[in-house]
Amino acid sequence: MQKNKIEAKKVSVFYNDKKALNEITLSIPEKKVTSLIGPSGCGKSTFLRCINRMNDTIEGCSMTGRILIDNKDINEKSLDPVLLRARVGMVFQKPNPFPKSIFENVAYGPKIHGLTQSSDELNELVEESLKKAGLFSEIKDRIHEPGTSLSGGQQQRLCIARAISISPEIILMDEPCSALDPIATAKIEELIDELAHNFTIVIVTHSMQQAARVSKQTAFFHMGNLIEVGKTDSIFSNPSEKKTQDYITGKIG
Amino acid sequence: MGFWAFFIIFASSAFFLHWYATNKALRFNAGIKEGSKLPSLPQYYGLYTLLWFIIPILSTFLIWTIFKPFLVDYLVIQKIPANLLNSFGGNPSLILSTVKAISLQNIFPGTKQELIDLAKYMNELKYSTSSSFYIAILFLGLIGSSFTLKKISSRFRARQSVESVNIKLLIFCSTIAILTTIGIVFSLIFEAIRFFEQIPFFDFLFGLSWSPQTAIREDQVASSGAFGAIPIFSGTLLITVIAMSVSIPVGLLSAIYLSEYATNNLRAFLKPILEILAGVPTVVYGFFAAITVGPFLKGLADSFGFSIASESAIAAGGVMGIMIIPFISSLSDDVINSVPNSLRDGSLAMGATKSETIKKVILPAALPGIVGAILLAVSRAIGETMIVVMAAGIAANLTANPFDSVTTVTVQIVTLLVGDQEFDSPKTLAAFALGITLFFVTLVLNLYALKIVKKYREKYD
Ligand SMILES: Nc1ncnc2c1ncn2[C@@H]1O[C@H](COP(=O)(O)OP(=O)(O)O)[C@@H](O)[C@H]1O
Ligand SMILES: [Mg+2]
């Protein structure tokens, strides 16, 4: 039987007084890819940011309901969001490498969390992360050049390497390919497939083809509501809700 | 014709010409079928005619005002009677300067009648612009505008022509500022060269003693003057270092607080307040340094059994540092704010704390801009005069002791140029040598700072 890594229970989110998410209840299976689709402004990113509590950093944003990771409430007072974020990595819409070298970008997480004892160990960890992100062979000679000197697709893979360098359990991706060309997109999708062996992945995407290609489970959001969730195949071939049908046939969105 | 009469004629003909040309264009259009009408709107023909009335008049007027003094001098010299010339040893320029003085009402008893007559003549020339001149320039304007009036036809695009005249006007105005700067630099350079004719360049740049008082008369005891600028440079450096060691930490930390920790409302409230600090006149800071901080430090030192002057580098430098805080905090705050949020999110999402994010990501990213802000602040500190005059004294001590009184480049320039001066003594000329040094140093600093800031901007825009 498959295990659920993340459970959202009646999650509502408010920006000041404006409700952005309305009682979302959703289970996300472990070591699988779950994609969130829906028209823009429907709250996909907001939901994603609940999972690593990045919403805490937004002034005026508040949340009700519960989110459990491994059956533990992540909003519990005793739980430090900083520690949570070390377990839940995130990749953003626009590649955002730090203005440092490629090496320093990947070494950033291990350094602040003190994951390695020696510089040899750190080198090894960086190399391994870059390899897992499928970037190492392309850039192994220029690892000390600035991360911003890479192409967009490479930058995004660098950000993925950075995220997996601290071995998170979950990786959240917010439209990771929306700023990339089709070839770079294909590479990232391949990488996501690869990563799903070891990580629980939640990906927001505006491309239904992408959702179909990479994910096992798909959740359809509309105007802050979770309309439908299920196996990706059945959502696309045989949706049970009219709205989902309208969205995937291009009538709304 | 007096000036006002001229002005009234000028204004009313300008008005009339504009109206007339516009009307002419309208009439031109009225009788003609669609397609061969004037290519621009009628008011552009009016405007163009107006411009060609005004431009010849104004430019002649301007040239006239610039060259008139020379013309007056020339005419006065022509009028000098031969016997007067002889009594002045055949030197017309000596007569001219005497006449000038007289024409400004400095008449001493016993002045020769010929000189007074010449002065009267000079005043006449100076203050009466003859009617013929006014009529001539009005005529010039009319010639200019009549040419343009003739041009009104379907082949003449007035709008484009007005546009190009506009551009030339704008270019002219912007060159004024540049030319002024160049003029300032050259006047500094020429006087500085005269200084270096008397004092060797390296004596000035590397000399260790500064006492610009030269003996004016043979029998005076005063020394022959020493123009080694090192004590002044070191004093400037000392005060700048003190000021920066106050303003950099405080300014930078408050910038970090403002941009990273304060809520938007608080920031909107605090930032203007900090910027008000920058608007306080420096003389007020000078008061504060001289009357409050200096004596306070002296009292503090006394209670520890030291004795220091109440005029000290540390009083002036410290207060100057406070004055500069808003520069650094406000500029750095802008720079830190322009670090994209995606970098903050990226770091926080890696499980970094806020202070780790600031230290390891935000500040390194903002560093070039912050350095630029600091360099701008340094050139501000170097150029600051009032606080130093009031709180650090004017003694040119070569010292690194912040409790001594020191002096700075700008303060020396002031003391050298205030009061009686002779424009050929090295004492006065030294001010220009100092001035050009200061200009050069701040110019280099500013250029460098701007370059850094610009480089930083390009990175994120
Ligand atoms: N920082 C914010 N402040 C206020 N409102 C926000 C903020 N972020 C998102 N919202 C609002 O929340 C809703 C959902 O936004 P978002 O989660 O970004 O949608 P999606 O990612 O599906 O396009 C939108 O209506 C948006 O305007
Ligand atoms: Mg989004």
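Quick caveat, the model's predicted, so the values are computed rather than measured. Labels below follow one simple rule: chain letters A, B, ... track the order of the sequence lines, proteins then strands, and each chain is numbered from 1.
No hydrogens or angles considered: nothing links the side chains of A:S165 and A:S129 as a donor-acceptor pair under 3.5 Å. A donor-acceptor pair shorter than 3.5 Å cannot be found between the side chains of A:R85 and A:N52. Donor-acceptor pairing under 3.5 Å is lacking for the side chains of B:T236 and B:T408. For the 3.5 Å distance criterion, the side chains of A:E7 and A:S27 qualify, holding a donor opposite an acceptor. For the residue pair B:S379/B:N446, the side-chain donor-acceptor check at 3.5 Å is satisfied.
Heavy atoms of A:P97 lying under 4.5 Å from chain B belong exclusively to its backbone. Using a 4.5 Å cut-off between heavy atoms, A:K111 makes no contact with chain B at all. For A:F98, the parts lying near chain B are the backbone and the side chain together; criterion is any non-hydrogen pair under 4.5 Å. Contacts of A:V91 with chain B are absent, with no heavy-atom separation under 4.5 Å from either backbone or side chain. For a residue to count as touching a neighbouring chain, one of its non-hydrogen atoms must lie under 4.5 Å from one of that chain's; by this rule A:R162 touches chain B with backbone and side chain alike. For A:I166, the part lying under 4.5 angstrom from a heavy atom of chain B is the side chain only.
Atom CG in A:L195 sits 4.0 Å away from atom CG in A:L191 (nearest 0.5 Å).
Of the listed residues A:R49, A:E59, A:K94, A:R87, the one with more heavy-atom pairs under 4.5 angstrom with chain B than any other is A:E59. Interface remark: of the candidates A:Q93, A:K100, A:E104, A:K100 forms the most heavy-atom pairs closer than 4.5 Å to chain B.
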